[in-house]
Amino acid sequence: MALVSFVRIALLGIAGGVSFVAPSYGAEDVERGAQVSRSCMACHSFSPGRHMTGPSLAGVWGRRAGTAAGFSRYSDALKRSEIVWTEKSLDAWLRKPAALIPGNTMLFDGIPDPGTRADLLAYLQAVSEGRASAPERGLPNLKRVDASSQVTAIRYCGDAYRVLTGDGKSRTWWEFNLRFKTDGSPDGPSTGKPVIVGSGMQGDRAAVVFSRPEEISMFIRRECP
Ligand code: HEC
């Protein structure tokens with residue numbers, strides 16, 4: 001199934017942003033840092049207000065730890081740390097999060113190499129100051145998917161789900177390998193239009209994403225072919 005584009009990094013405006021260029025970092029550092037930032041994007045977005053497992057990192061530079069508006073899952077350890085995110089504190093955090101703030105819930109070992117961290121910091125600062133554009137979220141916009149990902153019906157029979165898609169095809173999944181998820185964010189699917197993701201050619205598991213939990217059992221019908 002054609003799956004929706006993955007993380008693409010767009011670095012715009014670096015050349016044009018001369019007046020804002022920080023003294024310590026160059027454009028190449030920012031570009032390398034953008035590559036490093038991919039390791040963050042499983043859990044973080046750089047778009048304002050777009051929270052995932054971790055809070056949005058838009059505007060993190062200079063912000064007090066634990067204060068991204070609308071993110072409700074901070075650990076007490078992070079909230080109580082009274083750290084402000086500067087070059088120095090971010091460098092310590094990214095070297096070893098558990099050492100800087102014991103008891104935090106960011107499952108990330110850290111980046112041992114100082115040069116790699118410096119590149120990433122250059123990027124975080126550039127994104128926070130609007131000199132580098134935030135990359136697309138690591139997940140696709142589920143309102144714009146092609147027909148092969150658009151779920152039109154789900155039938156449950158025995159120990160399996162048969163998922164029918166907008167391209168007229170259907171595929172049957174062992175019930176244990178099909179997950180049901182919700183995405184109520186603006187990038188989530190439209191109401192009544194769930195989307196199947198992660199069902200690559202070889203994959204034996206996938207997820208159907210709904211706009212809200214109430215839809216899930218309403219959408220699935222018990223019916224054997
Ligand atoms: C496995 C998921 C995961 C990965 C990977 C990850 N983070 Fe995090 N991050 C989190 C979570 C969860 C929190 C909140 C931690 C807490 O509240 O204790 C967090 C918090 C943060 C914070 C503090 C934000 C604030 O508002 O105070 C920063 C900065 C940060 N992460 C940067 C990064 C960077 C940069 C990377 C990539 C090198 C990264 N993280 C990788 C999950 C992740």
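What you are looking at is a predicted structure, and each value in this text was computed from that prediction instead of being measured. Both ligands and their constituent atoms are indexed starting at 1 by order of listing.
At a heavy-atom cutoff of 4.0 Å, ligand 1 is contacted by both the backbone and the side chain of Y74. Heavy atoms of L78 found under 4.0 angstrom from ligand 1 belong exclusively to the side chain. Contacts of S75 with ligand 1, taken as heavy-atom pairs under 4.0 Å, involve both backbone and side chain. Residue I101 does not touch ligand 1, judged by heavy-atom distances below 4.0 Å.
Look at A42 and you'll find every heavy atom at least 4.0 Å from all atoms of ligand 1. Heavy-atom distances between I83 and ligand 1 stay at or above 4.0 Å for every pair. Under a 4.0 Å heavy-atom criterion, R63 is in contact with ligand 1. Within the structure, the closest approach of A77 to ligand 1 does not fall below 4.0 Å when heavy atoms are considered.
Closest protein heavy atom to atom 34 (C) of ligand 1: C40 SG, 3.4 Å. In this structure, atom 2 (C) of ligand 1 lies nearest to the protein heavy atom C43 SG, 1.8 Å.
Between the choices K79, R73, R64, M106, the shortest heavy-atom distance to atom 21 (C) of ligand 1 belongs to M106.
Near T53, with a cut-off below 4.0 Å to any heavy atom, the atoms of ligand 1 are 12 (C).
By the 4.0 Å N-to-carboxylate-O rule, K88 lies too far from D91 to be salt-bridged with it.
Not one N or O on the side chain of S37 forms a donor-acceptor pair closer than 3.5 Å with the backbone of C40.
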